[in-house]
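Below is one structure, written out as structure tokens; the observations come after it.
The figures here come from the full heavy-atom set of this structure, side chains too, leaving out hydrogens, waters and symmetry mates. FYI, the numbering just counts along the sequence from 1.
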Amino acid sequence: MLLGVALAIVFFNVYGFFSRPSVPMPVAAVVGQFAPGVEIGARVTEARHGVAAMNYVPHLGYVGVPQSKDQNTPTGRTVNFSQVRLLLDQGTRSQASPDPAKARVDAVELVTADAAATDDITAAIASVIRRPPREGCLRTPDAGRLRQVHVWTTPNDRGGIAVINDFFIGSPSLDHGPYMTNVLAFVGKFEGGRTLRGNYTDANCTEVEAPPS
């Protein structure tokens, strides 16, 4: 009897491993909520009904305008994303003109200039990934300009969501321009700058460098 129970446990563990989706459900849910019709792992052409005005940007991926849906956050507000980026793996995005019928979406990034969007976005993520985020900081090519990062990861490091905001101390600078928020959904283990495609450090931005006032 004990042997039978042990075999049953092994069977269901192995079955669960091979049958679980390649994209963790919380990550897929956030992508589906903010960019309907877009899926990580799908071919780029499969997203054509969910992304308008799609164009290829070398060394990045395909960029376009996402569909919008009413009340896409738990707070009841609608965050309007101005751009969606279908990011490609390193080998594919180095090609001059990858075939969208063969290229697969490696990660999804959304961009909004809605100044009030951050709280609504983080509420949506926290509702499906019930773990505290890790904090970090991105250095940009612009002198003194940093971007703060919060990353929610799923159990077993199978994927996650990063929210990236322009960082400032005190009041926002009037000559800065729009303050952008990026949401990046990825699969696999979080690997810092490699995942975020930028110059990342695990330190909080306040510990990295204070931007000029």
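At a threshold of 4.5 Å between side-chain heavy atoms, the hydrophobic network of Ile, Leu, Val, Met, Phe, Trp and Tyr places V31 and V151 in two separate groups. The hydrophobic cluster containing M180 does not contain L87, counting ILVMFWY residues as joined when their side-chain heavy atoms lie under 4.5 angstrom apart, directly or transitively. Both I40 and M54 belong to a common hydrophobic cluster when Ile, Leu, Val, Met, Phe, Trp and Tyr are linked at side-chain heavy-atom distances under 4.5 angstrom. Under a hydrophobic clustering in which Ile, Leu, Val, Met, Phe, Trp and Tyr are joined whenever their side-chain heavy atoms come within less than 4.5 Å, directly or via other members, V44 and F186 fall into different clusters. Hydrophobic clustering of Ile, Leu, Val, Met, Phe, Trp and Tyr side chains at less than 4.5 Å, counting indirect connections, keeps L184 apart from L86.
In terms of modelled atom types and a separation under 3.5 Å, the side chain of R197 and the main chain of T195 share a donor-acceptor contact. Side chain of D157 to main chain of P155: no donor-acceptor pair is present (N/O by atom type, distance under 3.5 Å, no hydrogens or angles). Judged purely by atom type and a 3.5 angstrom limit, R48 uses its side chain to pair as donor or acceptor with the backbone of T45. A distance-only check finds no donor-acceptor pair linking the side chain of N156 to the backbone of R158 [under 3.5 Å]. Side-chain N or O atoms of T154 include one that pairs as donor or acceptor with a backbone N or O of G159 at under 3.5 Å. In terms of modelled atom types and a separation under 3.5 Å, the side chain of T73 and the main chain of T78 share no donor-acceptor contact. Side-chain atoms of N72 come within 3.5 Å of backbone N or O of V79 as a donor-acceptor pair. The main-chain N or O of C205 is never found under 3.5 Å from a side-chain atom of E135 such that the two would form a donor-acceptor pair.
Considering only residues two or more places apart in sequence or on other chains, V63 meets the side-chain contact (heavy atoms from CB on, under 4.5 Å) condition with V57, L60, Q83, R85. Under the side-chain hydrogen bond (donor to acceptor under 3.5 Å, both in side chains) criterion, T118 pairs with N165, T181, sequence neighbours left out. Contacts of R194 classified as salt bridge (Lys or Arg N to Asp or Glu O under 4.0 Å), with partners at least two apart in sequence or in another chain: E191.
Put simply, CZ on F81 and CD1 on I121 are 4.0 Å apart, with the number rounded to the nearest 0.5 Å. Taking CD from Q148 and CG from L138, the interatomic distance works out to 10.5 Å, rounded to the nearest 0.5 Å. Considering CD1 of I161 and OG1 of T122, their distance stands at 12.5 Å, rounded to 0.5 Å. From E39, atom CD reaches atom OG of S22 across 9.5 Å, with rounding to the nearest 0.5 Å. Separation of atoms OG1 (T92) and CZ (R104) is listed at 10.5 Å; rounding is to 0.5 Å. To the nearest 0.5 Å, atom OH of residue Y200 and atom SG of residue C137 are 9.0 Å apart.
Contact record, S82 with V65: O-CG2, 4.1 Å, taken as the closest heavy-atom pair. Here the shortest heavy-atom pairing between V51 and G64 reads CG1-CA, 3.6 Å. Heavy atoms only, all atoms of each residue included: V187 and P24 are closest at CG1-CD, 4.1 Å. Heavy-atom minimum distance, P36 versus Q67: CD-O, 3.7 Å. A pairwise comparison of heavy atoms in L88 and G61 identifies CG-CA, 3.8 Å as the closest pair. Minimum heavy-atom separation, I125 to V163: CD1-CG2, 3.4 Å.
At a threshold of 4.5 Å between non-hydrogen side-chain atoms, the residues V149 and L196 count as touching. Between R130 and P26 there is no side-chain heavy-atom pair separated by less than 4.5 Å.
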Would you check, one step at a time, whether the test salt bridge (charged side-chain N to carboxylate O under 4.0 Å, His left out) holds for R93 with D106? CA-CA 10 Å; R93 67 176 180 263; D106 186 61; 5.3 Å; no
Audit row: R145, F167, side-chain contact (heavy atoms from CB on, under 4.5 Å) steps and yes/no: CA-CA 7 Å; R145 184 177 178 184; F167 174 77; over 6 Å; no
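Considering D166, T140, N199 as possible partners of R147, the one that fulfils the side-chain hydrogen bond (donor to acceptor under 3.5 Å, both in side chains) test is D166.
In summary, D114 and R77 engage in a salt bridge, as defined by a charged side-chain N under 4.0 Å from a carboxylate O.
Ring orientation note: the planes of Y62 and Y56 are tilted relative to one another, at an angle of 30° to 60°.
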